[in-house]
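Throughout, protein chains are lettered first and strands after them, A, B, ... in sequence-line order, and every chain is numbered starting at 1. The shown structure was predicted, so the numbers you read here are calculated from the model rather than taken from an experiment.
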2 protein chains.
Amino acid sequence: MHSMVKQQKDQPQVGPGVKPRGRPRSFDRATALEKAVMAFWEHGYEATSVSDLTRVMGIGAPSLYAAFGDKRSLFEEAVRVYGGTYGSFSGRALEEGPTARAAVERLLREAAAEFTDPGHPYGCLVIHAATNCTTPEVEDALRRQRNANVSAIESRVRADAATGELPPDTDAVALARHAAAVFQGMSQQARDGASREELEGVAEIAMAVWPRAGTHAG
Amino acid sequence: MHSMVKQQKDQPQVGPGVKPRGRPRSFDRATALEKAVMAFWEHGYEATSVSDLTRVMGIGAPSLYAAFGDKRSLFEEAVRVYGGTYGSFSGRALEEGPTARAAVERLLREAAAEFTDPGHPYGCLVIHAATNCTTPEVEDALRRQRNANVSAIESRVRADAATGELPPDTDAVALARHAAAVFQGMSQQARDGASREELEGVAEIAMAVWPRAGTHAG
DNA sequence: CAAATTCCGTAGCGGTCGCTACAGAAAAGA
DNA sequence: TCTTTTCTGTAGCGACCGCTACGGAATTTG
């Protein structure tokens with residue numbers, strides 16, 4: 001006997017003509033999930049208790065566990081929702097920017113606005129929601145995500161150094177890590193009360209480190 | 001009757017000739033406190049339980065409470081110890097640097113070494129040990145400390161802009177916040193596994209934003 | 001010695017944690 | 001209507017949380 005995997009019926013994949021069998025869910029799953037995103041974003045994984053979640057999501061604990069598995073699965077799904085919405089600007093900036101410099105400039109400028117948007121918690125969920133975690137897997141998952149972002153910046157810098165858009169002796173690792181450090185520091189300062197304008201000033205200053213095209217370092 | 005304040009006999013202020021009355025403490029207070037610093041540094045305030053503390057400190061819970069008050073008081077004392085030892089480099093760099101630029105350069109370069117020292121947990125306790133805290137007072141205390149550091153950098157920049165060491169139109173707030181953001185981002189990246197050399201590269205890159213003496217911005 | 005004072009180890013307090021057993025309610029299928 | 005399926009609310013599980021009452025141990029004072 002192989003172990004049974006609990007059937008997940010969370011995301012209906014069948015057409016709209018087929019109705020599920022039993023009593024229908026009395027709440028909107030996406031709306032409840034969005035509330036969980038906000039709670040985790042503001043207070044982090046550990047400091048957000050299941051009773052906190054059931055309160056803000058407006059459902060009972062059994063409904064939460066039936067719809068989302070357990071607290072950790074709910075958090076992972078909340079991280080995915082965040083990455084596809086509030087946090088998607090960073091991936092877009094890095095993909096769509098015409099050059100590494102333009103991509104990072106857009107990344108930092110949009111971060112200044114996003115991190116201080118009064119419509120949701122300050123800063124970046126990926127940076128802050130799983131620090132000091134008693135569940136190391138949760139902490140590691142977001143750490144990997146942060147390090148992947150550093151690598152993404154580095155790849156763009158390295159590509160521009162290869163094409164001549166940046167000087168060939170550019171230190172791609174240091175330039176990328178600097179951009180990432182400014183990004184992460186901006187998130188921290190947003191949490192500490194910095195304004196959008198202050199963070200835009202940081203972003204502008206940070207862009208001064210980029211070598212100009214046609215200028216070689218040293 | 002006004003409320004009695006519990007007599008604290010933790011730090012003996014009398015001369016060495018006077019012996020305390022009852023049974024002497026069977027552990028060294030400073031050594032135990034140092035262990036608590038390490039535990040809070042690595043796992044943060046909330047994720048470090050009292051039983052974690054009693055284990056690493058090698059004492060029972062009643063001894064901990066008798067010697068340090070409660071968990072929060074112990075944490076506050078640990079933060080003070082940290083600020084006077086591992087974290088003291090930042091204050092020294094900002095005070096002793098001959099110019100704002102030299103002070104920040106030393107700050108960042110020493111941070112690269114300190115944040116990655118394998119002899120203790122990575123990164124900065126003040127930045128990481130009280131995030132996502134269910135006790136907002138604890139979180140706020142370290143937030144104030146971080147914002148005070150930003151202000152300290154800003155003061156040094158402003159002073160140099162006044163003397164002409166930096167251009168008079170220098171944006172002191174942005175320059176200081178950028179330095180602080182890099183500092184905080186370096187701490188985050190140290191926690192995420194960055195090496196000393198990588199962080200030194202970040203520090204070097206970050207210093208490129210500073211206007212040279214005799215050069216005016218715009 | 002005895003008395004007084006202070007510390008330590010055991011053991012456990014009330015509270016919250018993540019999670020779930022259970023029974024009733026609400027829907028579809030027969 | 002009756003059965004089947006699924007969801008919901010109550011109520012509570014064992015584990016851990018921060019913290020402490022209590023009695024015995026260790027030390028100074030008289």
* Rounded to the Å, how far apart are Glu46(B) CD and dC17(D) P? -> 12 Å
* Drop me the distance from Arg177(B)'s CZ to Gln184(B)'s CD, to the nearest 0.5 angstrom. => 8.5 Å
* **Nearest-angstrom distance from the residue atom CZ of Phe68(A) to P of dT20(C)** => 16 Å
* To do: Tell me whether the centres of the aromatic rings in Phe115(A) and Phe183(A) are closer together than 6.0 Å.
  => yes
* Which residue lies toward the 5' end of DNA chain D, Arg23(A) or Tyr45(B), if each is placed at its nearest nucleotide? -> Arg23(A)
* To do: Return the value, rounded to whole Å, for the distance between atom CG of Leu64(B) and atom P of dT6(C).
  => 20 Å
* Asked: Which residue, Ala61(B) or Lys71(A), contacts DNA chain C at a nucleotide closer to its 5' end, judged by nearest heavy atom?
  -> Ala61(B)
* side-chain N/O Ser26(B) vs dC7(C) OP1/OP2, d < 4.0 Å -> no
* Structure fact -> note: Ile59(B), atom CD1; dC19(D), atom P; distance rounded to Å ~ 14 Å
* Asked: On DNA chain C, nearest-nucleotide positions of Pro62(B) versus Gly22(B): which is more 5'?
  -> Gly22(B)
* With a 4.0 Å cut-off, would you call Glu76(A) and Arg80(A) a salt bridge? -> no
* Assess the side chains of Glu139(B) and Thr131(B): does a donor N or O sit below 3.5 Å from an acceptor N or O? => no
* Taking for each residue the nucleotide of DNA chain D with the nearest heavy atom, is it Asp70(B) or Arg21(B) whose nucleotide lies nearer the 5' end? -> Asp70(B)
* Structure fact -> Taken to the nearest whole Å, CG/Leu74(A) to C1'/dC19(C) is 14 Å
* Asked: Does the side chain of His178(A) come under 3.5 Å of the side chain of Glu204(B) through a donor N or O and an acceptor N or O?
  -> no
* Check each residue of residues 48-56 of chain B for a non-hydrogen atom within less than 4.0 Å of any atom in DNA chain D, then write out the ones that pass by number, or none. => Thr48(B), Ser49(B), Val50(B), Ser51(B)
* Return yes if some donor-acceptor pair links the side-chain N/O of Asn132(B) with the main-chain N/O of Ala47(A) below 3.5 Å, else return no. => no
* To do: Would you please say whether a donor-acceptor pair under 3.5 Å links the side chains of His120(B) and Glu42(B)?
  => no
* Give one of base, sugar-phosphate or nothing for Pro24(A), where a contact means two heavy atoms less than 4.0 Å apart. => sugar-phosphate
* Phosphate OP1/OP2 of dT20(C) contacted by Tyr65(A) side-chain N/O (<4.0 Å) -> no
* To do: Give the rounded distance in Å between these two atoms: CE of Met57(A) and P of dC7(D).
  => 15 Å
